[in-house]
Amino acid sequence: MATFRLALVQLAVTATKADNLVKVAKLVKEAASKGAQVIALPECFNSPYGTSYFPEYAEKIPGDSTQVLAKAAKDNGVFLIGGSIPERDGDKLFNTCTVYNPEGTMIAKHRKMHLFDIDIPGKIRFQESETLSPGNRFTTFDTPYCKIGVGICYDIRFAEMAQIYNKRGCKLIVYPGAFNMTTGPAHWELLQRGRALDNQLYVATVSPARDETASYHAWGHSSLVNPWGSVISTMEHEEGIIYDDVDPSYVDEVRAQIPIGFQKRNNIYKVEEMEETKN
């Protein structure tokens, strides 16, 4: 379990899908040239974020966007966590993240399990369920460095999901996400630190850059939190890439120091993974 270089790409997403795809290929290449071995993109990297946009920008997998991701992973010899795109499957739409190995093969696909349906009077109302369907599968994948879990944005609020990834052996969870200007300042960092600290693992979040002219304003602040619960890398809201090292052995070190994994009262309570349904 060697230390590896992680890059989080905070992309400025436009309304032109083709432009977004060109920029993604360019930024993945830039990140790889600076030593990144695992690269992650933001939620809805090929599309503006919004329920009115999802049907318009949705595509099947494989499709134009995922072909760009596969090629970028292969051309640069990296593991690529492809943020998310609106996916069309039959008569349903999903918010979906695909993952590629250095050969360009898709090795994982995560459909957002928890849909972002909130209503904060005077602040924001957003209902992903107006157009999207929820995924029903947990998503992990193996690398030579460690096992990695994937969630998308609102998934981070559900502590049990991260606990299951912990039980599966993950030492890093990556959440592409687009928190907004109401929940972002209040909860974005707090949730990342909570998931990392509770499970004694690394948590990475990848947001789109903020576009003040768009209908939805992302908070930005892509970050990496270590197993001690410390934010070790973060940025503001502009487009850019942050880099940092993930040391899987540090996960073991922290867990040995504070061995909560062995101290849980499983005779009294437990989080169980149910049989997954197909979709």
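- Remark: the backbone N or O of N180 is not paired with any side-chain donor or acceptor of T182 at under 3.5 angstrom.
- Side chain of Q200 to main chain of V251: no donor-acceptor pair is present (N/O by atom type, distance under 3.5 Å, no hydrogens or angles).
- For the atom pair CG of L132 and CD of Q127, the computed distance is 11.5 Å after rounding to the nearest 0.5 Å.
- Side-chain contact check for F45 versus I85: some heavy-atom pair is nearer than 4.5 Å.
- By the 4.5 Å heavy-atom criterion applied to side chains, Y269 and K264 are counted as neighbours.
- S233 places no side-chain N or O within donor-acceptor distance of the main-chain N or O of S223, the cut-off being under 3.5 Å.
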(request) Start with the C-alpha distance between E30 and K34, add both sets of side-chain angles, then the distance that settles salt bridge (Lys or Arg N to Asp or Glu O under 4.0 Å), and finish with yes or no. (result) CA-CA 7 Å; E30 177 183 334; K34 295 184 178 179; 3.6 Å; yes

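- When the side chains of ILVMFWY residues are joined at heavy-atom separations under 4.5 Å, either directly or via intervening members, Y243 and L172 end up in two distinct hydrophobic clusters.
- Under 3.5 Å, the side chains of S249 and D252 contain no donor-acceptor pair of N or O atoms.
- Under the 4.5 Å side-chain criterion, counting only non-hydrogen atoms from C-beta, Y216 is not in contact with T51.
- Here I232 contributes atom CD1 and L6 contributes atom CG; the two are 9.0 Å apart, rounded to the nearest 0.5 Å.
- Side-chain contact of T3 with D245: a donor-acceptor pair under 3.5 Å is absent, judged by distance alone.
- In the hydrophobic clustering of this structure, V13 groups with L21; members are Ile, Leu, Val, Met, Phe, Trp, Tyr whose side-chain heavy atoms approach within less than 4.5 Å, directly or through other members.
- At a threshold of 4.5 Å between side-chain heavy atoms, the hydrophobic network of Ile, Leu, Val, Met, Phe, Trp and Tyr places V174 and V9 in two separate groups.
- Taking the six-membered ring for Trp, F179 and Y154 have ring centres at least 6.0 Å apart.
- Considering K112, H110, R195 in turn, H110 is the only one that fulfils the side chain to side chain donor-acceptor pair (under 3.5 Å) rule with D155.
- Using modelled atom types, no side-chain atom of R5 and backbone atom of I39 make a donor-acceptor pair closer than 3.5 Å.
- You'll find the side chain of T139 reaches within 4.5 Å of the side chain of Y165, heavy atoms only.
- Q10 places a side-chain N or O within 3.5 Å of a backbone atom of E238 that can act as its donor or acceptor partner.
- Residues Q163 and D198 bring no donor and acceptor atom of their side chains to less than 3.5 Å of each other.
- Side-chain contact between Y175 and C153: absent, with no pair of heavy atoms (C-beta onward) separated by less than 4.5 Å.
- Using a 4.5 Å heavy-atom cutoff, the side chains of M106 and T66 are not in contact.
- In this structure, N76 CG and K71 NZ are separated by 8.5 Å, a value rounded to the nearest 0.5 Å.
- Remark: side-chain polar atoms of E43 are paired, donor with acceptor, to backbone N or O of A178 under 3.5 angstrom.
- Under the 4.5 Å side-chain heavy-atom criterion for grouping Ile, Leu, Val, Met, Phe, Trp and Tyr, L224 is not connected to L80 through any hydrophobic cluster.
- The side chain to side chain donor-acceptor pair (under 3.5 Å) with S84 is formed by just one residue from the set T96, N95, T98; it is N95.
- Smallest separation of non-hydrogen atoms from N20 and S47: ND2-N, 4.0 Å.
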(message) E189 vs V225, test: side-chain contact (heavy atoms from CB on, under 4.5 Å). Steps then yes/no.
(response) CA-CA 9 Å; E189 181 182 311; V225 180; 5.9 Å; no

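- For the atom pair C97 SG and R111 CZ, the distance stands at 12.5 Å (nearest 0.5 Å).
- Between the side chains of D19 and T14, no donor N or O sits under 3.5 Å from an acceptor N or O.
- The minimum heavy-atom distance between C146 and P248, with the atom names listed, is CB-CG, 4.0 Å.
- No side-chain heavy atom of F141 sits less than 4.5 Å from a side-chain heavy atom of K147.
- Considering all non-hydrogen atoms of both residues, G77 and P102 come closest at C-CB, 3.6 Å.
- Atoms CG and CG, from L11 and N46 in turn, are 10.0 Å apart once rounded to the nearest 0.5 Å.
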(message) With salt bridge (Lys or Arg N to Asp or Glu O under 4.0 Å) as the criterion, how do E130 and R125 come out once you've worked through the C-alpha distance, each side chain's angles and the decisive distance to 0.1 Å?
(response) CA-CA 12 Å; E130 291 175 350; R125 181 185 183 277; 3.4 Å; yes

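- Looking at heavy atoms from C-beta onward, N226 lies out of side-chain contact with D247 at the 4.5 angstrom threshold.
- Scanning all heavy atoms of the two residues, the minimum distance from A7 to I241 falls at CB-CG2, 4.0 Å.
- W188 places a side-chain N or O within 3.5 Å of a backbone atom of H221 that can act as its donor or acceptor partner.
- Remark: the backbone N or O of A218 is paired with a side-chain donor or acceptor of R210 at under 3.5 angstrom.
- More than 12 non-hydrogen atoms from other residues, nucleotides or ligands lie less than 6.0 angstrom from NZ of K167.
- Contact detail for S222 and S207: the closest heavy-atom pair is OG-N, 2.9 Å.
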(request) Carefully, step by step, assess F138 and M113 under the rule side-chain contact (heavy atoms from CB on, under 4.5 Å). (result) CA-CA 8 Å; F138 299 101; M113 293 176 65; 3.9 Å; yes

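- The aromatic rings of F126 and F54 sit perpendicular, their planes meeting at an angle over 60°, well past the 30° parallel limit.
- Around the CZ atom of F262, the shell of radius 6.0 Å holds no more than 12 heavy atoms that belong to other residues, nucleotides or ligands.
- Counting all heavy atoms, side chain and backbone alike, S65 lies closest to K17 at OG-CD, 4.1 Å.
- In this structure, H237 has no ring-ring contact (aromatic ring centres under 6.0 Å, His included) partners at least two apart in sequence or on a different chain.
- E239 places a side-chain N or O within donor-acceptor distance of the main-chain N or O of A12, the cut-off being under 3.5 Å.
- Interatomic distance, OG1 of T183 versus NZ of K123, reported as 11.5 Å (0.5 Å rounding).
- Below 30°, between 30° and 60°, or above 60°: for Y57 and Y53 the angle between ring planes is above 60°, a perpendicular geometry.
- Taking hydrophobic clusters as Ile, Leu, Val, Met, Phe, Trp and Tyr residues chained together by side-chain heavy-atom distances below 4.5 Å, L197 does not share a cluster with L191.
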